[in-house]
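Keep in mind that the numbers below use all heavy atoms, side chains included, and drop hydrogens, waters and symmetry copies. Model, not experiment: these values are computed from the prediction. Letters A, B, ... are given to chains in the order of the sequence lines, protein chains preceding strands, and every chain is numbered from 1.
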Amino acid sequence: MRIVSWNINSVRLRAPLVEKLVAEISPDVICLQETKCPNDSFPEKIMHKLGYPHIAKNGVKGYHGVATLSRVPIVESHIVDYCKKGDGRHIETIFDTASGPLSVHNFYVPAGGDEPDPEINEKFAHKMAFLAQMTKIFKAQAKQKTKLQSVILGDFNIAPGEHDVWSSKALKNTVSHTPIEIEKLAALQATLDWDDVARRFVPPEEKLYSWWSYRARDWAASNRGRRLDHIWVTPKLTDKVKDYQILTDGRGWERPSDHAPLWIDLDVG
DNA sequence: ATGGTGGGACACCCA
């Protein structure tokens with residue numbers, strides 16, 4: 001099962017790029033973030049035509065919004081309204097596999113504004129509270145962690161490692177790479193011993209990015225990226241992950257998102 | 001130290 005995570009930055013504007021994604025890597029499940037689209041105007045027919053008859057979505061007008069598209073049936077879907085703001089930042093889909101149920105949590109974590117201080121910046125406070133609630137919810141599943149087949153993925157808006165950013169020194173006080181965010185992300189990761197798939201396929205000392213700002217003359221030449229997007233799996237799935245890749249080419253498509261799609265191949269029968 | 005470029009909705013928010 002090939003599972004993609006992609007912050008598409010408007011699903012209506014970039015529906016043609018989903019077609020390109022499908023042509024290039026043919027995913028079974030596509031998890032989108034920043035759909036910026038209410039549920040009733042989601043381009044369902046286009047996605048059906050591309051081979052994704054099963055769609056679970058949590059969209060609101062204008063901002064954020066997530067959706068999960070699938071070739072195979074979605075057995076259940078659940079939404080948690082994190083921080084009770086009515087945002088579209090989470091949707092869980094559950095699939096039947098030969099080795100049991102598989103849960104895929106699709107997240108769009110708040111970006112957090114510019115100032116990394118929750119006292120003066122409401123957006124940063126929201127980001128901290130959102131991460132705390134995620135941690136609480138997954139901690140509650142810790143007793144079953146050896147049995148769970150779960151994937152958590154999406155735009156976490158945090159690049160934790162030294163080589164997940166172009167310059168750890170330059171960005172140490174920049175939201176997405178501050179010590180407090182890195183600490184909160186580590187606490188979330190510890191809840192179920194989530195495995196950061198990327199760093200088993202790409203050595204930690206190698207630079208790895210999933211996002212490049214629009215505000216560069218030439219994103220590829222300057223290459224000042226950050227790894228804000230993640231795919232983590234529970235320990236039971238670790239050995240079933242057969243491949244991982246960031247489709248960097250996607251950042252260079254016509255009228256691109258500022259995030260590249262990334263994917264895993266999961267051998268779940 | 002600053003400002004650069006893109007979304008969506010409707011004059012400015014968000015990334």
Side-chain angles (χ1 to χ4, degrees), chain A residues 5-18 20-21 30-44 46 57-67 81-83 85-90 106-118 120-131 153-160 164-167 169-178 181 184-185 209-230 246 248-262:
Chain A
S5 174
W6 189 21
N7 179 322
I8 193 170
N9 189 17
S10 173
V11 69
R12 283 175 289 188
L13 189 70
R14 290 190 236 285
L17 294 189
V18 176
K20 207 162 163 75
L21 176 78
I30 304 174
C31 299
L32 300 174
Q33 301 90 34
E34 279 209 91
T35 53
K36 294 184 172 174
C37 175
N39 288 339
D40 57 11
S41 20
F42 194 91
E44 292 222 354
I46 297 175
K57 50 200 188 294
N58 180 15
V60 296
K61 194 174 176 180
Y63 305 106
H64 38 80
V66 294
D81 182 8
Y82 283 82
C83 301
K85 289 168 69 83
D87 287 359
R89 296 187 179 274
H90 168 260
N106 178 0
F107 275 101
Y108 178 48
V109 175
D114 289 332
E115 194 58 55
D117 180 352
I120 58 167
N121 174 9
E122 261 179 37
K123 291 180 199 167
F124 196 75
H126 179 210
K127 187 176 197 174
M128 293 292 101
F130 194 101
L131 290 163
L153 57 75
D155 179 0
F156 295 1
N157 267 311
I158 299 173
D164 295 331
V165 293
W166 63 275
S167 166
K169 193 180 165 194
L171 294 175
K172 70 181 194 305
N173 297 319
T174 298
V175 171
S176 75
H177 192 62
T178 63
E181 291 169 276
K184 297 294 179 191
L185 192 69
Y209 314 135
S210 64
W211 173 88
W212 294 259
S213 172
Y214 283 127
R215 301 173 188 177
R217 268 177 232 163
D218 184 333
W219 69 274
S222 62
N223 197 25
R224 294 185 166 189
R226 305 178 202 170
R227 187 168 71 101
L228 301 178
D229 302 272
H230 302 275
I246 297 177
T248 307
D249 286 357
R251 181 61 180 79
W253 288 339
E254 199 180 333
R255 288 257 265 165
S257 166
D258 46 354
H259 295 253
L262 55 153

query = Roughly how far apart, to the nearest Å, are B:dA15 and B:dA1 at atom P?
reply =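 Comparing P positions in B:dA15 and B:dA1 gives a spacing of 24 Å.
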task = Pick the C1' atom in B:dC10 and in B:dC14, then give their distance to the nearest Å.
result =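 These two C1' atoms come out 14 Å apart once rounded.
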query = Should the pair A:Trp212 and A:Trp219 be assigned to parallel (<30°), tilted (30 to 60°) or perpendicular (>60°) ring geometry?
reply =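 Plane angle over 60°, so perpendicular.
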request  = For residues A:Glu44 and A:Lys57, determine if any side-chain heavy atom of one lies less than 4.5 Å from a side-chain heavy atom of the other.
outcome  =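 Heavy-atom side-chain distance check passes, below 4.5 Å.
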key: Any side-chain heavy-atom pair of A:Val60 and A:His64 under 4.5 Å   =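 Answer yes - side chains close enough.
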task = Report yes or no: is the cationic atom of A:Arg224 (NZ for Lys, CZ for Arg) under 6.0 Å from the centre of the six-membered ring of A:Trp166, at an angle within 45° of the ring normal?
result =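 The answer is yes, since A:Arg224 meets both limits relative to A:Trp166.
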key: Pairwise 5' ranking along DNA chain B for A:Tyr214 and A:Pro110, keeping only the more 5' one   =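 Looking at the nearest nucleotide for each, A:Tyr214 comes out on the 5' side.
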ask   = Does A:Asp155 or A:Pro256 map to a spot on DNA chain B nearer the 5' end, using the closest nucleotide for each?
value =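 Result of the comparison: A:Pro256.
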message = Categorize A:Arg217 for me: base, sugar-phosphate, or nothing, with a 4.0 angstrom heavy-atom threshold over every strand shown.
response =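 Contact class for A:Arg217: none.
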Specify the separation, in whole Å, of atom [atom1] of [X] and atom [atom2] of [N].
| X | N | atom1 | atom2 | answer |
| --- | --- | --- | --- | --- |
| A:Asn7 | B:dC14 | CG | P | 17 Å |
| A:Phe124 | B:dC14 | CZ | P | 16 Å |
| A:Asp114 | B:dG4 | CG | P | 14 Å |
| A:Leu17 | B:dG6 | CG | P | 14 Å |
| A:His259 | B:dC14 | NE2 | P | 17 Å |
| A:Arg224 | B:dT5 | CZ | P | 16 Å |
| A:Tyr63 | B:dA15 | OH | P | 9 Å |
| A:Trp211 | B:dG6 | CH2 | C1' | 11 Å |

Output the single nucleotide from [options] whose closest atom is nearest the side chain of [X].
| X | options | answer |
| --- | --- | --- |
| A:Arg89 | B:dG7, B:dG8, B:dA15 | B:dA15 |
| A:Arg215 | B:dT5, B:dC14, B:dC10 | B:dT5 |
| A:Ser10 | B:dG7, B:dG4, B:dC10 | B:dG7 |
| A:Lys123 | B:dT5, B:dC14, B:dG7 | B:dC14 |

inquiry  = Please report the interatomic distance CZ(A:Phe107) to CG(A:Leu131), rounded to the nearest 0.5 Å.
reply    =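 So the CZ of A:Phe107 and the CG of A:Leu131 are separated by 9.5 Å.
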request  = To the nearest 0.5 angstrom, please state how far the CG atom of A:Leu153 sits from the CG atom of A:Asp229.
outcome  =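 Between A:Leu153 CG and A:Asp229 CG, I get 9.5 Å after rounding to 0.5 Å.
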message = Counting runs of three or more consecutive pairs, Watson-Crick or G-U wobble, with each distance below 3.5 Å, where are the stems of DNA chain B?
response =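 If one scans DNA chain B for consecutive Watson-Crick or G-U pairs, the stems found are B:5-8 with B:12-15.
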message = Please confirm whether the shortest side-chain N or O distance from A:Arg14 to OP1 or OP2 of B:dG7 is below 4.0 Å.
response =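 It does, given that an N or O in the side chain of A:Arg14 lies less than 4.0 Å from OP1 or OP2 of B:dG7.
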ask   = How would you list, by chain and number, every residue that makes a side-chain contact (heavy atoms from CB on, under 4.5 Å) with A:Asp117, sequence neighbours excluded?
value =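 A:Asp117 satisfies side-chain contact (heavy atoms from CB on, under 4.5 Å) with A:Glu115, A:Glu119, A:Ile120 only.
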ask   = Under the salt bridge (Lys or Arg N to Asp or Glu O under 4.0 Å) test, which residues partner A:Lys184, sequence neighbours left out?
value =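 By the salt bridge (Lys or Arg N to Asp or Glu O under 4.0 Å) rule, A:Lys184 matches no residue at all.
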